[in-house]
K.L.:
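What follows is a single structure, and I will ask about it in a moment.
Residues take their numbers from the sequence shown, with the count starting at 1.
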Amino acid sequence: QAFRDWLAKRWPGWRLPLLFLDVKAAIGCRIGELAGLSTAGLKDGRLVFEAADTKGRKQRAPMLPAALFKELKRVAGPTYAFERFADELRAIHDGRGLDRIAARVGPFSPERMFRWLQDELKTYCRKTGAKRFKWHNFRGTAMSKAKTLDVSYDDAAIAFGCNPETMRKHYVAIDEQAVSDDVFGRLHGDQTSENGRRLL
């Protein structure tokens, strides 16, 4: 959230990169998959990632919250969902009088958008002193949220296109104390007082 707020201040009035972040946070997809999402893949409230474009070589079609889907559908380009990125970035530089920088903004490609986003994250960490993290951490956050909602590893793995064991080892970060409290709360039921002391 802090990175999102920083990005909004750094590029005031520019919605597209924030929309990218919101979509990524909502479905926990890989950054390369989302940057390369085709407009044809926006179907019936879902984002369809074709098998050839996914790491696991399996088609996935996660549902997106209705408001986000409508917004993405509205701004999608002829070929790619985030195709307006290059033109909008160029226009922002032009508006700031940075003609030379604007001229260096090439036509849209998923790879160019991918690199720009990575550079922005590096700049954020460098300028704010924030602990370094990666775009992949947004994927892990979505998985962790699923786990806190009692979604099983097997079910979440299908949704996110990930091996269940990989999720356990590398992605899901759960508050262990909260889990412990929940377990003992269930075990003890109403046998504990409000301050945690066991009742006689």
K.L.:
Tell me if the CG atom of D5 is crowded by more than 12 foreign heavy atoms within 6.0 Å.
P.N.:
yes
K.L.:
Going only through I, L, V, M, F, W and Y residues with side-chain contacts under 4.5 Å, is there a path from M63 to V23?
P.N.:
no
K.L.:
State the NZ-NZ distance between K122 and K127, to the nearest 0.5 angstrom.
P.N.:
15.0 Å
K.L.:
When you group the ILVMFWY residues by side-chain heavy-atom contacts below 4.5 Å and let the links chain together, are L68 and L72 in the same group?
P.N.:
yes
K.L.:
Is any side-chain heavy atom of E120 less than 4.5 Å from a side-chain heavy atom of W6?
P.N.:
yes
K.L.:
Might you point out which heavy atoms bring A86 and G106 nearest each other, and give the distance in Å?
P.N.:
CB-O, 3.5 Å
K.L.:
Could you report the tightest heavy-atom contact between G45 and F69, atom names first, then the distance?
P.N.:
N-CZ, 3.3 Å
K.L.:
Give me each pair satisfying ring pair (Phe, Tyr, Trp, His ring centres under 6.0 Å) with a member in residues 85-105, each pair once, sequence neighbours excluded.
P.N.:
W11-H93, W14-F85, F85-W116
K.L.:
Nearest 0.5 Å, what's the CG-CG distance between L42 and L64?
P.N.:
9.0 Å
K.L.:
In terms of hydrophobic clustering (I, L, V, M, F, W, Y; side-chain heavy atoms under 4.5 Å; direct or indirect links), are I92 and V75 co-clustered?
P.N.:
yes
K.L.:
Which heavy atom of M113 sits nearest a heavy atom of F20, and at what distance?
P.N.:
CE-CD1, 3.5 Å
K.L.:
Working to the nearest 0.5 Å, report the span between CG of L16 and CD of E83.
P.N.:
11.0 Å
K.L.:
Write down the atom of G77, the atom of T39, and the distance for their closest heavy-atom approach.
P.N.:
O-OG1, 2.6 Å
K.L.:
In Å and rounded to the nearest 0.5 Å, what is the NZ to CZ distance from K9 to R4?
P.N.:
12.5 Å
K.L.:
Are there over 12 heavy-atom neighbours, none belonging to Y80, within less than 6.0 Å of that residue's OH?
P.N.:
no
K.L.:
Can you tell me how far the CZ atom of F82 sits from the OG atom of S38, to the nearest 0.5 Å?
P.N.:
12.0 Å
K.L.:
Could you report the tightest heavy-atom contact between A2 and Y124, atom names first, then the distance?
P.N.:
CB-OH, 3.4 Å
K.L.:
Tell me the salt bridge (Lys or Arg N to Asp or Glu O under 4.0 Å) pairs involving residues 84-113, sequence neighbours left out?
P.N.:
R84-E88, D87-R90
K.L.:
When Ile, Leu, Val, Met, Phe, Trp and Tyr are grouped by side-chain heavy atoms lying under 4.5 Å apart, directly or through other members, which residues fall in the same group as I101?
P.N.:
L98
